[in-house]
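Step one of this worksheet: look at the structure below.
Quantities reported herein were computed from a predicted structural model and do not represent experimental measurements.
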Amino acid sequence: MKKNLKVILSTVVITLSSLISALGSSILMFIGAKFINKKQSFFDSTGLNRNIIVGFLFALICSLPFVVYTFLCSSGETTLYSWNWQMMMFIIITSFISTFSCIAFPFSQIYRNTKIGFTLSAIIVISLNILIILLNANITFIHAQYITTECSNEFLIILSFEIAFLIWLYFEWKFNVWVIYFLDFFSSFYIFFLSPNLNPIERNINVLSIIILAIGITIFYKKVKGLKLEVNKRTIGIIK
């Protein structure tokens with residue numbers, strides 16, 4: 001009974017502290033967005049008002065190879081972390097912060113409110129994320145490939161490519177933040193709760209399969225709908 005009570009209390013404390021922190025940063029971003037862009041609402045300019053079901057289904061389909069691999073190759077090994085609500089809430093909130101606060105918000109504001117093109121906007125956002133990590137070198141990183149406290153060159157390079165991919169996806173799906181949020185969420189969720197103790201090569205293959213499938217589905221969807229890619233000669237330059 002005491003153990004259960006302890007778990008419940010710790011979960012509540014962690015959840016509330018995370019929510020308060022997220023709420024505080026969200027309020028600042030809301031004020032900043034209103035100051036930067038007075039013509040569009042905060043939800044429209046950042047993509048929060050986009051179709052959440054589309055984002056959920058897209059991410060679910062793209063991450064299916066990870067699930068299939070897990071059930072086909074798992075031989076009863078224990079997962080990296082046993083199920084607990086603290087970790088679940090941590091993943092939910094961290095995925096939102098990493099995709100919305102660190103990617104969607106800065107990219108949407110820079111690209112939409114300046115004459116800066118896609119490439120330079122993406123470079124600025126990637127550099128901003130790297131700077132944040134370097135200034136907080138002791139924090140634990142949840143990454144689609146591994147969990148680490150080491151801010152190595154390899155980690156920074158992989159992270160840069162991952163952010164670039166998420167920015168491209170966010171841009172191609174008309175600034176639908178839910179597309180990249182759920183993709184990040186499912187990747188982290190599978191690593192923590194569903195996958196066996198995969199080695200680095202297996203994790204890389206699974207993550208690469210998600211990326212390839214996401215790119216393929218995006219391009220196929222646009223061809224079927226007769227839509228042009230958002231990243232084109234007009235938008236990809238340093239200056240629009």
Judged by atom type as modelled, is there a donor-acceptor pair below 3.5 Å linking the side chain of [X] to the main-chain atoms of [Y]?
X	Y	answer
N176	N51	yes
R50	W178	no
S95	I92	no
S63	L60	yes

Distance check, rounded to the nearest 0.5 Å: [X] atom [atom1] versus [Y] atom [atom2]?
X	Y	atom1	atom2	answer
S101	I93	OG	CD1	11.5 Å
I110	F105	CD1	CZ	9.5 Å
T114	L120	OG1	CG	8.0 Å
L128	F107	CG	CZ	13.5 Å
I97	Y181	CD1	OH	10.5 Å

What closest approach, in Å, do [X] and [Y] show between heavy atoms, and which atom pair accounts for it?
X	Y	value
V125	C102	CG1-O, 3.5 Å
A59	L183	CB-N, 3.3 Å
S108	N113	O-ND2, 4.3 Å
C62	A214	SG-CA, 3.5 Å
Y111	F118	CE1-N, 3.6 Å
E230	E172	N-OE1, 2.8 Å

Are [X] and [Y] connected, step by step, through hydrophobic side chains (Ile, Leu, Val, Met, Phe, Trp, Tyr) whose heavy atoms are closer than 4.5 Å?
X	Y	answer
I53	F175	yes
L57	V54	yes
V179	L229	yes
F58	F220	no
I215	L227	yes

- Item | Option among I167, I163, L169 that satisfies the side chain to side chain contact (heavy atoms under 4.5 Å, CB included) test with I180 | L169
- Item | S127: partners by side-chain contact (heavy atoms from CB on, under 4.5 Å), with sequence neighbours left out | I123
- Note on the structure: side-chain contact (heavy atoms from CB on, under 4.5 Å) filter on I61, not counting sequence neighbours, yields I217
- Do V207 and S187 pass the side-chain contact (heavy atoms from CB on, under 4.5 Å) test, and can you show the C-alpha distance, the side-chain angles, and the key distance before you say yes or no? CA-CA 8 Å; V207 172; S187 298; over 6 Å; no
- Partners passing side-chain hydrogen bond (donor to acceptor under 3.5 Å, both in side chains) against K223 (at least two apart in sequence or in another chain): none
- Message: Under the rule for side-chain hydrogen bond (donor to acceptor under 3.5 Å, both in side chains), what residues qualify as partners of T235, not counting sequence neighbours?
- Response: N232
- Message: Students often mix this up, so state it plainly: with edges at 30° and 60°, are the rings of F96 and F100 parallel, tilted or perpendicular?
- Response: parallel
- Test ring pair (Phe, Tyr, Trp, His ring centres under 6.0 Å) applied to Y221 - qualifying residues, sequence neighbours left out: W173
- Message: My understanding is that only residues two or more places apart in sequence, or in another chain, count here; which of them pass ring pair (Phe, Tyr, Trp, His ring centres under 6.0 Å) with F56?
- Response: F182, F186
- Task: Find out whether I124 and P106 are in side-chain contact, i.e. whether some heavy atom of one side chain is under 4.5 Å from a heavy atom of the other.
- Result: no
- Query: Is E162 close to L159 at the side-chain level, that is, under 4.5 Å between some pair of heavy atoms?
  - Reply: yes
- Task: Before giving the answer on side-chain contact (heavy atoms from CB on, under 4.5 Å), spell out for L64 and L213 the whole-Å C-alpha distance, their side-chain angles and the decisive distance to 0.1 Å.
- Result: CA-CA 10 Å; L64 280 179; L213 191 55; 5.7 Å; no
